[in-house]
Q: 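For reference, the structure I am asking about is given below.
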Amino acid sequence: MSEHNDILPFLLYAASVGVILSVTLIASWFVGSKSRHGRAQDIPYESGIVPVGDAEDMRLSIEFYLVAIFFVIFDLETIFIVAWAVVAKDVHWPGYAAISVFIVILLIALLYEWRTGALDWGIKSRHTTPDSYSRKEAA
């Protein structure tokens, strides 16, 4: 008998959550933005500025994305190195060896990016010789 009394508050709570959820979803259907569609509400905008032109008119070079990704990678490196520096006295030589291996791996990655031309600005192409990793645009 007491088992049913223990579950009764949970059932009442679950039922009240279900009712509130149902009422909220039904009310949002009637009051929501579907009933107020117009010309200004149907176009995408950024910070309240109505766009001019087409998105295809504003193509960004891939280098912008590469720089952003490299920044994130090497910014995370800084976070790990600073975290190591905070506890450097506590972790002694094993910690120093671990951060050294971490930095060496990141330097190898940076060297690889540099040698493959990922850090060069311009039209990208892959070749077998390091001098021709990035070719200049034709005039």
Side-chain angles (χ1 to χ4, degrees):
M1 186 78 153
S2 66
E3 292 176 10
H4 295 294
N5 292 338
D6 291 340
I7 201 161
L8 184 62
F10 173 74
L11 292 176
L12 289 174
Y13 175 74
S16 63
V17 166
V19 168
I20 291 172
L21 182 63
S22 300
V23 169
T24 303
L25 289 174
I26 291 170
S28 69
W29 177 265
F30 289 111
V31 182
S33 66
K34 286 187 167 211
S35 62
R36 291 188 299 266
H37 276 266
R39 185 175 167 276
Q41 282 85 10
D42 289 339
I43 59 173
Y45 64 93
E46 183 68 29
S47 301
I49 299 171
V50 177
V52 176
D54 213 1
E56 294 178 4
D57 296 338
M58 194 181 85
R59 292 189 185 250
L60 294 176
S61 177
I62 190 67
E63 283 88 2
F64 291 107
Y65 300 106
L66 288 174
V67 169
I69 288 173
F70 295 152
F71 174 77
V72 168
I73 290 170
F74 292 107
D75 196 39
L76 287 175
E77 167 191 356
T78 305
I79 291 170
F80 286 120
I81 292 173
V82 168
W84 167 80
V86 169
V87 297
K89 290 183 179 179
D90 297 333
V91 293
H92 302 291
W93 287 106
Y96 181 74
I99 200 68
S100 297
V101 169
F102 179 70
I103 291 173
V104 166
I105 290 171
L106 287 169
L107 285 175
I108 291 170
L110 181 62
L111 181 67
Y112 173 77
E113 290 172 356
W114 175 62
R115 294 287 290 167
T116 59
L119 302 176
D120 294 339
W121 205 268
I123 298 174
K124 303 290 182 204
S125 67
R126 295 230 177 220
H127 296 283
T128 56
T129 59
D131 294 334
S132 60
Y133 279 130
S134 105
R135 56 188 164 98
K136 305 291 181 215
E137 292 184 31

Q: Under 4.5 Å between side-chain heavy atoms, counting indirect links through other Ile/Leu/Val/Met/Phe/Trp/Tyr residues: same cluster for I20 and V23 or not?
A: no
Q: Please tabulate, for side-chain N and O atoms in residues 79-88, each donor-acceptor pair with protein atoms closer than 3.5 Å (sequence neighbours left out).
A:
residue	atom	partner	partner atom	Å
W84	NE1	G95	O	3.2

Q: Do W114 and L110 have side chains that get closer than 4.5 Å, going by heavy atoms?
A: no
Q: Enter the distance from E77:CD to I105:CD1 here, rounded to the nearest 0.5 Å.
A: 11.0 Å
Q: Measuring from atom CG of L111 to atom CG of L106, what distance do you get when rounded to the nearest 0.5 angstrom?
A: 12.5 Å
Q: Same cluster or not: are V91 and V104 linked, directly or through other Ile, Leu, Val, Met, Phe, Trp or Tyr residues, by side-chain heavy atoms under 4.5 angstrom apart?
A: no
Q: Looking only at non-hydrogen atoms, find the nearest pair between K89 and H92 and report the distance.
A: O-CE1, 2.9 Å
Q: If you group Ile, Leu, Val, Met, Phe, Trp and Tyr by side-chain heavy-atom gaps below 4.5 Å, do Y96 and I103 land in one group?
A: yes
Q: For F71, run the side-chain contact (heavy atoms from CB on, under 4.5 Å) check against I69, D75, I73 and tell me which one passes.
A: D75
